[in-house]
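Just below is one structure, and these are the notes that go with it.
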Amino acid sequence: MGRVTAMATITQILSIAHSGMTVSQAQAALVARNLANASTPGYAHEVLPVYPQLGTNGVGSGDPVAMRSFVVERSLAAATGRSNYYQSQLGHLSAAEAATNELDGTGLGKSFADFQEALSLASANPGGSVERQQVLAAAAALGDGFSVARAQLDQAASGAKEQAEVAATHVNQLSSQIAGLNARIRAARPGDELNGLMSMRSDLVQQLSGLVGLNVLQRPDGTIQLSTSGGRTIVEDAQAATLAVMAGGPPPRLIVSFVKEDGSRLPATGSLGGQLGGIVDSYDSVLSPAKTRLDEMAFSFMSTFNDTHKAGFDLDGTAGGDFFELPADAEGAAGAVKLSANIAGHPERVAAAADAALVPGDNQNLTTLIGLVGDAPVLADGSSLRAAWSAVGDSVSNSLVQAEAGVDLEQGSLDQLTNLLASEEGVNPDEEFARMSQATTALEAATRIIQVVQTMNDTVIAMMG
Amino acid sequence: MRITQQLVANYVRQGLDRANRSVMDAAKQLQSGTSVETPSDDPVKASRIRRLQEAERDFVRFEQNRNTVKSDLDAADSVLGDIHSIVQEAHDIALSMGSDTPGPGIRANAAITVGALVDQLTDLINREQIAGKHLFTGTADGTPALDAAGAYQGNEGSRSVEVGPGAHVEGTLRGSEVLGPNNELLTAMRSLVTALSNDDGVATRATLDGLEASRQTLSAARTTVGARLSRLSDVAETSLSLQTQLGIEQSELTAVDVAKVAPALSGAQTMLQAVIATSRQILDQVGTGWLK
């Protein structure tokens, strides 16, 4: 009886030592995995739950657990969305600012000033052919100024639209991948496989949150639901919505819609946030209105200038004709400011005089025309040309300042959250080294126990003869 | 706080970003030579600079107009001076020939002299100025003031030109301001020629009032021109003073404070070097420490 008990005890000891060796090996493997993924985006360091085995008195281990902090991840996703919202606006608004920047002494404002100067010079010598030619040359240059400013604003707006489309495509790719991972996570076995899938999904969610503002809802089955701040669902279980960007209006704007499987579309509600939201908002609230306003300026100016010009008299005492060739409507007018066929190449037809009897030296009509390029109300809302252009510039630069301030502000919290997440989820090589030492020591100890038990076993067998 | 490999990498990246931004900001200001290169650098300053630039352009425009008007008025003043001398000479001749002393031969010679003065006068009045303009025509400055018969062919218009902010000066003179409302100047001069040719002392004396009135009209015209030139001068002086102020204000707004930016750049560069050195040390430790 005593012999049986002794043999059972030795087996038991061997079993305990074996369990220790198994856990130590698992621990060492986990350390290797953690270190290998130390720089893998979205990876959360894993720990091995270890517990005493009941009955056998050995040691057991559970599935590795990823030390994921969902609260920090959600906060980081939100901060990334906010930061990218502003960051995405910088490029387009800077391009628009280049179109409206008057500080370097160039641009449309300079063209206004040059045209006004030419008219002013002519007002001092209305009969002078040189002065009249300068008026036509400056008017043509004003047309170029309008055209260049329009082209620059158009380029900024087109660039924004293209980038919005690229961002939407990227959103669709990421949301599709996340939906696929949701399905795999729900079916995955706990442990390395589940943790790996969740790491991949976490990284994709971070990327997606940079593109569009996200609300993340964790489901009990391990899947997540992603929705925009306006409430539209992007990912639900294994289903992903498809986003499409298209031009709409009037007024011209970008419309982001969620395309359903049947092809029907639901428009996005509220600000989308993230890179896509930033681009769409800057397009809708700054770039597109700036273009529209510039067209209004050009159209109203040409129309008013023509009316005033026609009220005057040219060098021969003939009533003035159209000065500019007025387009059919305001849309695109800034890109089509040019002299009318009536006056192009005919400086003598500049209607400088207000009274046919007082030609060629009367400058009264020119004086009125000078005002139209200056502070006279020209636009429908009573704004002058200068004031309207300044307001366009102010709108662009103020939006740019807001975006820069937003980037600075969000960068601080983004850095803090990134660091917090890295601290909580990241891999600490020192910790891993300590774990590795621990595992190695445990392995050596278990090996030693087995050797001792082996010796004991040999001794008992020898005693039994 | 756990110091993880990602955290260290973040610190390194964030430190480099901050240091780079500081260097770029300081270098940008020093390179561009202006503290406000784009409106978004400082919207408030930019708005003021833009207004100052507009005002400066207006001043340049007004200065050009002043030059044109001054040129016209200087020419008018010069011609008026010459006309005044002619009228004075005719007046002197009328005075000396109006007595009973001169005989027929002397008056006939005087008539020839005054006739030449009339031609000279007409020539002066009709002389084409710079850029083909004519004087004393109102706004009809494309044609001479007097036709071949001596009739006024200008108009009663006037050209007011903006020569400063809100300041206007007339750059033209009407014929009536120089010749008299009904061309009395030429009439008096021609009457003198006729009286002298007729050897008529009484008629010669009778032209004195007309000549004197014309002389006064010319004096008044010269006073008008002088007053306009004086106003131009005043406006020019005020404009120069304002332009100087604008220039000072603009340079104050845009000037880069080198004494402030240069140390900032130096500090930022030092910070960048420190971040790079520290990062290298940290990465060395983190990357290889546990392997050792």
| message | I'd like to know if A/Arg435 and A/Glu432 make a salt bridge, using a cut-off of under 4.0 Å between side-chain N and carboxylate O. | response | yes
| task | Side chain from CB out, backbone as N, CA, C, O: work out which of these in B/Glu37 comes under 4.5 Å of a heavy atom of chain A, or both, or neither. | result | backbone
| query | So which part of B/Pro43 gets closer than 4.5 Å to some heavy atom of chain A, the side chain, the backbone, both or neither? | reply | side chain
| task | Please state whether the side chain, the backbone, both or neither of A/Glu131 comes within less than 4.5 Å of a heavy atom of chain B. | result | neither
| request: For salt bridge (Lys or Arg N to Asp or Glu O under 4.0 Å), just list the numbers for A/Lys110 and A/Asp114, CA-CA rounded to whole Å, side-chain angles, deciding distance to a tenth of an Å, and then say yes or no. | output: CA-CA 6 Å; A/Lys110 171 77 163 48; A/Asp114 288 345; 2.9 Å; yes
| task | Return the option, out of A/Leu93, A/Val401, A/Leu103, with the maximum number of heavy-atom pairs under 4.5 Å with chain B. | result | A/Leu103
| request: Under 4.5 Å heavy-atom distance to chain A, tell me which part of B/Thr38 shows up: side chain, backbone, both or neither. | output: both
| task | Compute whether any side-chain donor of one residue and acceptor of the other, for B/Ser176 and B/Glu156, lie under 3.5 angstrom apart. | result | yes
| task | Considering non-hydrogen atoms only, spot the tightest contact between A/Gly127 and A/Leu315 and give its length. | result | CA-CD1, 4.0 Å
| query | Which one, B/Asp42, B/Thr137, B/Ile3, leads in non-hydrogen pairs under 4.5 Å with chain A? | reply | B/Ile3
| message | Just to be sure I understand the criterion: a residue of residues 393-400 of chain A counts if one of its heavy atoms is under 4.5 Å from a heavy atom of chain B. Which ones qualify? | response | A/Asp394, A/Ser397, A/Asn398, A/Leu400
| Contact leader toward chain B among A/Asp355, A/Leu420, A/Asn363, A/Thr100, where contacts are heavy-atom pairs under 4.5 Å | A/Asn363
| task | Heavy-atom distances under 4.5 Å only: say whether B/Asp17 touches chain A with side chain, backbone, both or neither. | result | neither
| Proximity breakdown for A/Phe112 and chain B, heavy-atom pairs closer than 4.5 Å | neither
| field | Those residues that, when tested against B/Asp74, pass salt bridge (Lys or Arg N to Asp or Glu O under 4.0 Å) (two or more places apart) | value | B/Lys70
| query | With no hydrogens and no angle check, do the side chains of A/Thr318 and A/Asp316 hold a donor and an acceptor under 3.5 Å apart? | reply | no
| Under 4.5 Å from a heavy atom of chain A, the part of B/Arg18 involved | side chain
| Interface moiety of B/Val163 toward chain A, non-hydrogen atoms closer than 4.5 Å | neither
| field | Under-4.0 Å salt bridge between A/Glu424 and B/Arg2 | value | no
| said: Looking at every non-hydrogen atom in both residues, tell me the closest pair between B/Phe136 and B/Tyr152 and how far apart they are. | reply: O-CE1, 3.2 Å
| query | In terms of side-chain geometry, is the basic nitrogen of B/Arg231 or B/Asp234 positioned less than 4.0 Å from the acidic oxygen of its partner? | reply | no
| said: Under a 4.5 Å cutoff for heavy-atom pairs, which residue among A/Asn101, A/Val359, A/Asn419 has the most contacts with chain B? | reply: A/Asn419
| Which bit of A/Ile370 comes within less than 4.5 Å of chain B, counting heavy atoms only: side chain, backbone, both or neither? | side chain
| message | Please classify the contact between B/Asn155 and chain A as side chain, backbone, both or neither, with a heavy-atom cut-off of under 4.5 Å. | response | side chain
| Measuring from B/Gln5:CD to A/Thr40:OG1, what's the distance to the nearest 0.5 Å? | 10.0 Å
| field | Member of B/Val161, B/Val60, B/Asn65 meeting the side chain to side chain contact (heavy atoms under 4.5 Å, CB included) criterion with A/Ser120 | value | B/Asn65
| said: Between A/Ser129, A/Ser39, A/Pro126, who has the most heavy-atom pairs with chain B when the cutoff is under 4.5 Å? | reply: A/Pro126
| CD on A/Gln416 to CG on B/Asn10, rounded to 0.5 Å | 12.5 Å
| field | Side-chain H-bond candidate by donor/acceptor type, A/Arg386 with A/Ser390, under 3.5 Å | value | no
| query | Do you know which of B/Gln250, B/Gln53, B/Glu249 makes side chain to side chain donor-acceptor pair (under 3.5 Å) with B/Arg48? | reply | B/Glu249
| Under a 4.5 Å heavy-atom cutoff, which of B/Ala46, B/Gly171, B/Gly154 has the most pairs with chain A? | B/Ala46
| Residue, of A/Glu117, A/Glu97, A/Glu102, that accumulates the most heavy atom pairs under 4.5 Å with chain B | A/Glu97
| request: State whether B/Asp141 and B/Arg159 are salt-bridged, where the test is any N-O pair (Lys NZ or Arg NE/NH1/NH2 against Asp/Glu carboxylate O) under 4.0 Å. | output: yes
| field | Heavy-atom proximity to chain B below 4.5 Å, by part of A/Ala353 | value | neither
